Amino acid sequence: MESADRRYGRTSRRPDGASPARHGVTRRGLLLATAALLVTTSGVNARVVTKVLPWKPNDAYPVAPVVPGGYLFFTASEAAVVEAFVDRLIPADDLGPGAKEAGVTTFIDRQLTGPYGGHDWLYMAGPFSENPLPSQGLQSELTPRQQYRMGIAALEAYCKATFNRGFAELAAADQDKLIAGLEKGAVQLPNFSSKTLFTAIYNNAIEGFFADPIYGGNRDMIGWKLVGFPGVRYDFRDVIDRPNQAYTLPPVSLQGRPAWGER
Amino acid sequence: MARRLPRKDVVIVGLGWTGSILAYELARTGLDVVALERGPWRDTASDFNIGTAPDELRYAVRHDIFLRPKQETLTMRNNPSQTALPIRKWGSFLPGNGVGGAGLHWNGQTWRFLPDDFRIRSHMIERYGQGILPEGNQIQDWPVSYDELEPHYDRFEQVAGISGKAGNIKGKIQPGGNPFEGARERDYPTPPLKQGYAQSLFTKAATEMGLHPFPRPSANISMAYTNPYGCSMAPCTYCGFCEWFGCANYSKSSPQTCVLPALVREPTFEARTDCEVTKINLSGDGKTATGVTYVDASGEEWEQPGDLVLVCAFSLFNVRLLLLSGIGKPYDPASGKGVVGRNYAYQTGSGALGFFNDAKFNPFAAAGSLGVALDDYNSDNFDHGPHGFVGGASITSAHTNGRPIRYHPTPPGTPTWGSAWKKAVKDNYQRVTNVGAQGSVMSYRNNYLDLDPTYKDPLGRPLMRMTFDYQPNEQKMANWMAERCQEIVKAMGASSTKLNRLGVPWSVVPYQTTHNTGGAVMGNDPNTSVLNRYLQSWDVSNVFVMGASAFPQNAGYNPTGTVGALTYWSLEAILKYLKSPGALVSR
């Protein structure tokens, strides 16, 4: 059923892209349909709430955790390019692991398969302007999936023509020089905006490095440990009571801590 | 053709703060009340469960609970000579969607505007002469005074359980509070939040500079509290997931925590969610609303007749619904005539980041309204004569969060990626704090809202078009404020600072604030206002319009406290209207 998704439905609201139920019927919708105290105005296709709050125990909307392994959107060669790219943006160094170790490529892959990848929630109706003002923001017809597919192909074509090998095979110093050129727009890719490609990978790399590990990146809370973000403990009254003192407890994610699963 | 439903006494469009308060107050008088909400039902236990709520990517970055631009957005341009284009992705502001509205994801800063704010035009002319008013301005006195609103501010603060420290009780200045505030009948219902390390540095530095810092009023409340509606709240735990999030602790005042538990028990109240009101229907002579037309989740169209229509959507969408319904004359900037869409305003943001050699600010231990503010540079609390601008700003030291996707400050000159970036991110996370100025925006002839000629929503109705830019008066004010912030952050001990001036032209890209005001303003003159002083439409007397769309211009504060006060002020008038329907003020 397109209508529920198109307008307001719960069916498309999960950023992980997993559809909680088919045909626009959610688990909660089914529960509510059987709730005796809920009355419906005859014929109206709406949630009607009257006389009692519509809440059932355990009726929450968790995201489905990403299970690492393989790629759902990227081809193997695209994944290799993205992996090499994010490895230069946030490299492993003496401060600790980087984006590659954090699983950022998997994070981006799963994001691209979800509603973010298709700009499903954005206003994508035309006409699209040829010369928007910078203050008018995003005005491109291209979805993130198209940006990656076309952008990586353009980057690979550029690398093959210039270096006679793919981006992932370049020396780190050459990769850095090329990335800097893309960022500034100094490098012209064939038929694709270099800045668009840089911005897409850059923003997603930061997200994947710092987002909750449930989305497949920030593995072992690498990004949070780097800065000292304690995650989702949800109660820092003790910290407020001790101003200007270092926080020493390890971080916690939506799925707890890896050690919690060990006995 | 829309199918017709049985009549209701009261039809409410939008179930956020204003809609839920009015629904409760009217349903408990026995009236049949239906609230139509275009987004989903949301409640704390299901939607903001502690195991799902603290998710930066989902809420702050992907905007899960917000209105999706696909469903409705606006077009924007900076001035009338440009072609407006749709805001395809929210940036500068972020409208809510669903039950609770923006009252669900707000930070919770709950201010009263200052007495002078309500008569700013007269006051500025009296003190400085006509010449102080900026070119092209359409600044208007409010049709209601601070003293008239005081009991209604109080009522909203009691319902929301606001945490704070009074600065002026019945004319007597209170130590530790805001000495500039208007006189209050009594203190806030709960004491202020605790503050962080940065706020203690700010308080010390500002006091030594002769300024008057105080804990800002907060809807993240400091202790367990039961409000006059019998709804209970729990103390804030400083989790750092307020703005753009629902609160899983029942600690943030919202329709969910403060009104809905009482409202749903009223037997004459019904909420219908996933129902988008497309039009307020009018009688043949256009002087009476007969109800509304709405579209349900399956796309079916319904007519809901009602005796009283209360427009309680987000400010911008109130204005659009009036334009789409033909209520009030649309504003035309060329002639200066018409009222709907007139006097759209916004807010300025500027300030200074301070980088400290050795500090542990623990930015993650935070709350949306945690902060210490000062009003020495707000409204007309300082001499504007030497500066040549109108307006002011509240200046604040605050930590609302340390969520690292969006919060990883680095000093100027840091590379944007690579090992040097990574090192700067690590080194500065604990050592940076901000002093910010949230400033007023005056109303101008060329800042306005109307219907876009090109772009449509999925139901085929025109999007609203926003024409807005920061004018020289606001630029001058906000940049002057940024320098004041920089002085303070230096005095706090920052080893280096980064000045954040007002970004011009105004851009939709970076998040700034969701304090969109005006477009359906209240006033005493029907030629320059959409609503009379009771928020009643001048043209259609059984339509009342709530929200910040009624502000004639914006002050240097978050708007929700004043939105709440206006709601209770209007409620009093609506109860009078119900006894004797008709215009409460004659044209």
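Computed from a predicted model, the values in this text were never measured in an experiment. Each chain gets a letter, A, B and so on, in the order the sequences are listed, and its residues count up from 1.
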Inset, instruction - Could you tell me the separation between the CZ atom of Arg233(A) and the OG1 atom of Thr237(B), rounded to the nearest 0.5 Å? - result: 13.0 Å
Legend entry - Any Tyr116(A) side-chain heavy atom under 4.5 Å of Leu57(B) side chain: no
Inset, instruction - To the nearest 0.5 Å, tell me how far Leu193(B) CG sits from Ile240(A) CD1. - result: 8.5 Å
Inset, instruction - State, yes or no, whether a side-chain contact exists between Phe198(A) and Trp417(B) at a heavy-atom distance under 4.5 Å. - result: yes
Legend entry - Leu254(A) CG to Ile50(B) CD1 distance, which is reported to the nearest 0.5 Å: 10.5 Å
Inset, instruction - Would you please name every residue forming a side-chain hydrogen bond (donor to acceptor under 3.5 Å, both in side chains) with Ser507(B), sequence neighbours left out? - result: none
Legend entry - Any residue of residues 173-181 of chain A which, by heavy atoms, sits under 4.5 Å from chain B: Asp176(A), Ile179(A), Ala180(A)
Inset, instruction - Could you pull out the closest heavy-atom pair between Tyr234(A) and Ala53(B), with the gap in Å? - result: OH-CB, 4.2 Å
Inset, instruction - Would you give the length of the straight line joining atom CG of Leu226(A) to atom NZ of Lys426(B), rounded to the nearest 0.5 angstrom? - result: 5.5 Å
Legend entry - By salt bridge (charged side-chain N to carboxylate O under 4.0 Å, His left out) - contacts of Arg4(B) (at least two apart): Glu303(B)
Legend entry - Euclidean distance, Arg237(A) CZ relative to Lys194(B) NZ, rounded to 0.5 Å: 8.5 Å
Inset, instruction - Give, for atom CG of Asn131(A) and atom CG of Leu85(B), the distance between the pair rounded to the nearest 0.5 Å. - result: 8.5 Å
Inset, instruction - Just jot down the side chain to side chain contact (heavy atoms under 4.5 Å, CB included) partners of Asn401(B), sequence neighbours excluded, or say none. - result: Glu243(B), Arg403(B), Tyr407(B)
Legend entry - Top contributor to chain B interface from Pro127(A), Gly208(A), Ala211(A) [non-hydrogen pairs under 4.5 Å]: Pro127(A)
Legend entry - Proximity breakdown for Ser419(B) and chain A, heavy-atom pairs closer than 4.5 Å: both
Legend entry - Interface residue of largest heavy-atom contact number with chain B, from Ile214(A), Val239(A), Asn203(A), Asp238(A), under 4.5 Å: Val239(A)
Inset, instruction - Heavy atoms only: give me the nearest Tyr202(A)-Thr416(B) pair and the separation to one decimal. - result: OH-O, 2.6 Å
Legend entry - Least distance between heavy atoms, Leu138(A) atom then Arg88(B) atom: O-CD, 3.4 Å
Inset, instruction - Mark yes or no: Arg58(B) above the aromatic ring of Tyr215(A), with NZ or CZ under 6.0 Å from the six-membered ring centre and no more than 45 degrees from the axis. - result: no
Inset, instruction - Could you check which of Gly98(A), Gly137(A), Pro230(A) has the highest count of heavy-atom pairs closer than 4.5 Å to chain B? - result: Pro230(A)
Inset, instruction - Specify the closest pair of heavy atoms between Tyr429(B) and Val227(A), including all atoms of both residues, with the distance to one decimal. - result: CD2-O, 3.1 Å
Inset, instruction - Look only at the side chain of Gln136(A) and the backbone of Met76(B), and say whether a donor-acceptor pair between them is shorter than 3.5 Å. - result: yes
